[in-house]
Amino acid sequence: MTSLLTLSTLVCVFCIAIGQLLFKKAASTLPETLSLMALLTNGWLIASLALYGLTTLGWVWILRHAPLHLAYPFMGLAFLIVLHLAYPFMGLAFLIVPTLAWLFLGEPLHWRTLAGGALIMAGVALASTS
């Protein structure tokens, strides 16, 4: 990956992490009884959805220029930024996504990818325990 692509990927990871914090803030400010109006007027929720939308557009640009099996592992950095929101099952994505990219997109699936995914999953599991 080029320097620009790597930097863009890191910006996307950072924005995803910030989006997670905004989603958590939105969830904590919602009333006990949910209503459509409460969702539509929740500024934290609107901000998180807007950030996720823009980040998704950036991610699509990244995936146009980089194979998924190279770009996706960067998402593991988001768990370092938002550690308290990480749950062990979230690490599964680092095994599932490369496997699906191999099955459906014909991307290579190396033992290093699987080993790295397993290590990320173990790290997320370890970091999310109290």
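Everything numeric here is computed off the predicted structure, so don't read it as measured data.
Here the straight-line distance linking atom CD1 of Ile16 with atom CG of Leu21 works out to 11.5 Å at 0.5 Å rounding. Summarising the geometry, atom CE belonging to Met1 is positioned 7.0 Å from atom CG belonging to Leu70; distances are rounded to the nearest 0.5 Å. How far CD1 of Ile62 is from SG of Cys12: 3.5 Å, rounded to the nearest 0.5 Å. To the nearest 0.5 Å, atom CG of residue Leu30 and atom CG of residue Asn42 are 5.0 Å apart. Going from atom OH of Tyr72 over to atom CH2 of Trp59 covers 8.0 Å, rounded to the nearest 0.5 Å. Put simply, OG1 on Thr56 and CH2 on Trp61 are 15.5 Å apart, with the number rounded to the nearest 0.5 Å.
Leu34 is connected to Leu45 through a chain of hydrophobic side-chain contacts under 4.5 Å among Ile, Leu, Val, Met, Phe, Trp and Tyr, so both are in one cluster. Taking hydrophobic clusters as Ile, Leu, Val, Met, Phe, Trp and Tyr residues chained together by side-chain heavy-atom distances below 4.5 Å, Ile46 does not share a cluster with Phe23. Residues Tyr52 and Leu57 do not share a hydrophobic cluster, defined by chaining ILVMFWY side chains whose heavy atoms lie under 4.5 Å apart. When hydrophobic clusters are built by joining Ile, Leu, Val, Met, Phe, Trp and Tyr residues whose side-chain heavy atoms come closer than 4.5 Å, directly or via intermediates, Leu100 is not grouped with Trp111. One hydrophobic cluster, built from ILVMFWY side chains closer than 4.5 Å, holds both Val13 and Leu4.
Across every non-hydrogen atom of Gly19 and Leu51, the tightest pair is N-CD2, 3.6 Å. In terms of heavy atoms, Pro98 sits closest to Thr113 at CB-CG2, 3.5 Å. Between Leu63 and Ala71 the shortest heavy-atom distance is CD2-CB, 4.1 Å.
The backbone N or O of His69 lies less than 3.5 Å from a partner atom in the side chain of Glu107, making a donor-acceptor pair.
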(message) Trp102 vs Leu68, test: side chain to side chain contact (heavy atoms under 4.5 Å, CB included). Steps then yes/no.
(response) CA-CA 10 Å; Trp102 171 69; Leu68 187 59; over 6 Å; no
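No side-chain heavy atom of Leu109 sits under 4.5 Å from any side-chain heavy atom of Leu103.
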